[in-house]
Amino acid sequence: MFVYVQASQGAYLLQFAPYAEQAFWSTPPEIRGQIRRRLEEIADVAGHLVSTVADSVGNTLRLEMSGHIISYVLSDVERTLTVVSVVSFAAQGRAANG
């Protein structure tokens, strides 16, 4: 599992599941940068909230941006944001029509 460093002090650790990491690195560099920055923002905000809601919810959250759907899970106990998938809208359309 690829672990990306924390965006700031107190921010959740950003990490990628293996397939999500592979998909992330296959996106164009400018898109990858946009996605990374948004995930860092989410990890930073999560690190400043006083809550244990994320672990009790247990659901995958979703972010849509730059033609991609990024699914991730927050863990308050582990203080992590784990990206579980990165899928382009175009790839989803091919799978649905396939």
Side-chain angles (χ1 to χ4, degrees):
M1 182 173 294
F2 174 75
V3 176
Y4 190 77
V5 296
Q6 290 174 313
S8 67
Q9 183 70 8
Y12 278 31
L13 185 67
L14 177 58
Q15 59 188 16
F16 291 79
Y19 289 117
E21 177 186 0
Q22 182 180 6
F24 175 75
W25 287 108
S26 70
T27 61
E30 64 277 358
I31 304 279
R32 194 169 50 238
Q34 292 171 8
I35 292 171
R36 181 186 49 79
R37 281 189 294 280
R38 182 61 56 86
L39 291 170
E40 286 175 347
E41 290 171 359
I42 294 168
D44 189 46
V45 169
H48 290 90
L49 298 175
V50 180
S51 171
T52 56
V53 173
D55 287 305
S56 63
V57 172
N59 288 329
T60 303
L61 302 167
R62 189 170 102 164
L63 168 67
E64 295 181 19
M65 66 177 298
S66 303
H68 291 77
I69 298 172
I70 301 95
S71 299
Y72 63 95
V73 177
L74 287 171
S75 172
D76 291 323
V77 172
E78 295 179 12
R79 300 194 55 79
T80 57
L81 183 159
T82 303
V83 178
V84 293
S85 69
V86 177
V87 179
S88 74
F89 292 157
Q92 263 197 333
R94 284 192 302 270
N97 296 324

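Expressed to the nearest 0.5 Å, how far CZ of Arg32 lies from OG of Ser66 amounts to 12.5 Å. Rounding to the nearest 0.5 Å gives a distance of 8.0 Å between CD1 of Ile31 and CE of Met65. Going from atom CG of Leu81 over to atom OH of Tyr72 covers 6.5 Å, rounded to the nearest 0.5 Å. Rounding to the nearest 0.5 angstrom, the gap separating the CD1 atom in Ile42 from the CG atom in Leu61 is 8.5 Å. Put simply, CD1 on Ile70 and OG1 on Thr60 are 13.5 Å apart, with the number rounded to the nearest 0.5 Å. Distance check: Thr80 OG1 to Leu74 CG gives 7.5 Å after rounding to the nearest 0.5 Å.
Nearest approach of Ser85 to Ala20, heavy atoms of both residues: N-CB, 3.6 Å. Nearest approach of Ile35 to Phe24, heavy atoms of both residues: CG2-CE1, 4.0 Å. Residues Phe89 and Glu64 approach most closely at CZ-OE1, 4.0 Å, considering heavy atoms.
Checked against side-chain contact (heavy atoms from CB on, under 4.5 Å), Gln22 has the following partners two or more places apart in sequence or in another chain: Tyr19.
Proximity of a side-chain donor or acceptor of Arg79 to a complementary backbone N or O of Gly47 within less than 3.5 Å is detected.
Under 4.0 Å is where a charged nitrogen must lie from a carboxylate oxygen, and between Arg38 and Glu41 at least one such pair does.
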